[in-house]
Amino acid sequence: MKGSYLLVIRLDGDRKIKTKAREFPLKKGYYVYVGSAMNSLEKRVRRHFSKEKRPHWHIDYLLMEAELLRAYLIPSGERLEEKLSLEVAKHGEPVGGFGAGDVKVSANLYRFEGEPDGVLVGILGELGLGWKSVKSEEEIREFGERK
């Protein structure tokens with residue numbers, strides 16, 4: 001299944017997240033990461049929940065230091081990453097340069113002071129998108145089996 005996704009992440013303290021080429025100073029709080037998976041949505045998001053992986057993307061480095069609370073799976077044949085990122089940017093503080101190498105936005109990671117779920121559900125509703133919230137690899141597997 002093709003689509004986009006939103007990851008809701010909690011960082012329990014201020015941290016410097018080091019990737020291969022950069023360092024990102026992040027404050028304690030909640031973060032939303034916007035991504036897309038135009039080959040396999042379930043496989044990509046399952047990977048994000050996995051603790052056993054070699055870091056590849058910026059988000060992998062953050063997830064080694066933070067807790068992934070949930071993911072919003074958004075099945076779609078259209079690549080919605082940029083559109084979603086622009087909408088999330090209206091509500092969260094962007095982390096410049098984080099995870100946005102292949103889209104025309106400055107960031108794909110946004111900081112929120114409190115839990116951002118109400119904002120995300122509102123955005124998805126306004127855009128008329130179908131979605132499913134999952135909290136584990138097992139829930140993603142079940143979602144994929146319903147096709």
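We use all heavy atoms of the structure for the numbers below, so side chains are in, but hydrogens, waters and symmetry mates are not. For this chain, numbers begin at 1 and follow the sequence in order. The structure presented is a predicted model; accordingly, all values stated were derived computationally and were not measured.
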>> Membership question, hydrophobic clusters at under 4.5 Å side-chain separation (ILVMFWY): are Y30 and L84 in the same one?
In response: yes
>> Are the side chains of E87 and L127 in contact, using a 4.5 Å heavy-atom criterion?
In response: yes
>> I'd like to know if the side chain of Y110 reaches the main chain of A107, judged simply by a donor and an acceptor atom lying under 3.5 Å from each other, with no hydrogens or angles considered.
In response: yes
> Distance-only, no hydrogens or angles: does the K53 side chain make a donor-acceptor pair with backbone N or O of R47 under 3.5 Å?
Replying inline: yes
>> Run I17 and E23 through side chain to side chain contact (heavy atoms under 4.5 Å, CB included) and show every step you take.
In response: CA-CA 6 Å; I17 304 300; E23 185 174 276; over 6 Å; no
> Of all residues at least two apart in sequence or in a different chain, which pass the side chain to side chain donor-acceptor pair (under 3.5 Å) check with E113?
Replying inline: R111
>> Looking at every heavy atom in both R22 and G96, which two are closest together, and how far apart are they?
In response: NH2-O, 3.7 Å
> So does R70 pair up with D117, basic N to acidic O under 4.0 Å?
Replying inline: yes
>> Are I140 and L120 connected into the same hydrophobic cluster when the rule is that any two of I, L, V, M, F, W, Y join if their side-chain heavy atoms are below 4.5 Å apart?
In response: no
> How long is the gap from CD1 on I74 to OG on S4, to the nearest 0.5 Å?
Replying inline: 6.0 Å
> Just wondering, do W131 and V121 contact through their side chains at under 4.5 Å, heavy atoms?
Replying inline: yes
> Going only through I, L, V, M, F, W and Y residues with side-chain contacts under 4.5 Å, is there a path from L41 to L80?
Replying inline: no
> Is there side-chain contact between I123 and H91, with at least one heavy-atom pair below 4.5 Å?
Replying inline: yes
> Quick one: do E67 and R10 make a salt bridge, cutoff under 4.0 Å?
Replying inline: yes
>> Would you compute the distance between atom CZ of R15 and atom CG of L62 and round it to the nearest 0.5 angstrom?
In response: 10.0 Å
> Is there side-chain contact between E137 and S50, with heavy atoms separated by less than 4.5 Å?
Replying inline: yes
> If you count the non-hydrogen atoms of other residues, nucleotides and ligands that lie under 6.0 Å from CG in N39, is the total more than 12?
Replying inline: no
>> Is there a path of hydrophobic side-chain contacts, each under 4.5 Å between heavy atoms, that joins F24 and V32?
In response: no
> Heavy-atom distance under 4.5 Å between the side chains of H56 and K20, does that happen here?
Replying inline: yes
> Hey, mind stepping through K83 and E78 against side chain to side chain contact (heavy atoms under 4.5 Å, CB included) and telling me if it holds?
Replying inline: CA-CA 10 Å; K83 182 185 288 187; E78 179 186 352; 3.8 Å; yes
> Which distance, rounded to the nearest 0.5 Å, do you find between the CD of E65 and the NZ of K18?
Replying inline: 10.0 Å
>> Donor-acceptor pair, distance only, cut-off 3.5 Å: does the side chain of S36 make one with the backbone of M38?
In response: no
> Honestly, is R44 close enough over W57, meaning NZ or CZ under 6.0 Å from the six-membered ring centre and within 45° of the axis?
Replying inline: yes
> So if you build clusters from Ile, Leu, Val, Met, Phe, Trp, Tyr with side-chain heavy-atom gaps below 4.5 Å, do V88 and L124 land together?
Replying inline: yes
> Taking the six-membered ring where the residue is Trp, are the ring centres of Y33 and H58 under 6.0 Å apart?
Replying inline: no
>> Determine whether L26 and D14 satisfy the following criterion, side chain to side chain contact (heavy atoms under 4.5 Å, CB included), listing intermediate values before the conclusion.
In response: CA-CA 6 Å; L26 300 181; D14 295 355; over 6 Å; no
> Does the pair L7 and H48 meet the rule for a side chain to side chain contact (heavy atoms under 4.5 Å, CB included), with working shown?
Replying inline: CA-CA 9 Å; L7 303 180; H48 290 316; 3.8 Å; yes
> Atom CD in E42, atom OH in Y5: separation rounded to 0.5 Å?
Replying inline: 13.0 Å
> How close do K27 and L11 get, heavy atom to heavy atom, and via which atoms?
Replying inline: O-CD2, 3.7 Å
> Are V45 and L73 close enough that some pair of their side-chain heavy atoms sits under 4.5 Å apart?
Replying inline: yes
>> Testing the basics here: between N108 and S85, what is the closest heavy-atom pair and its distance to 0.1 Å?
In response: OD1-OG, 3.0 Å
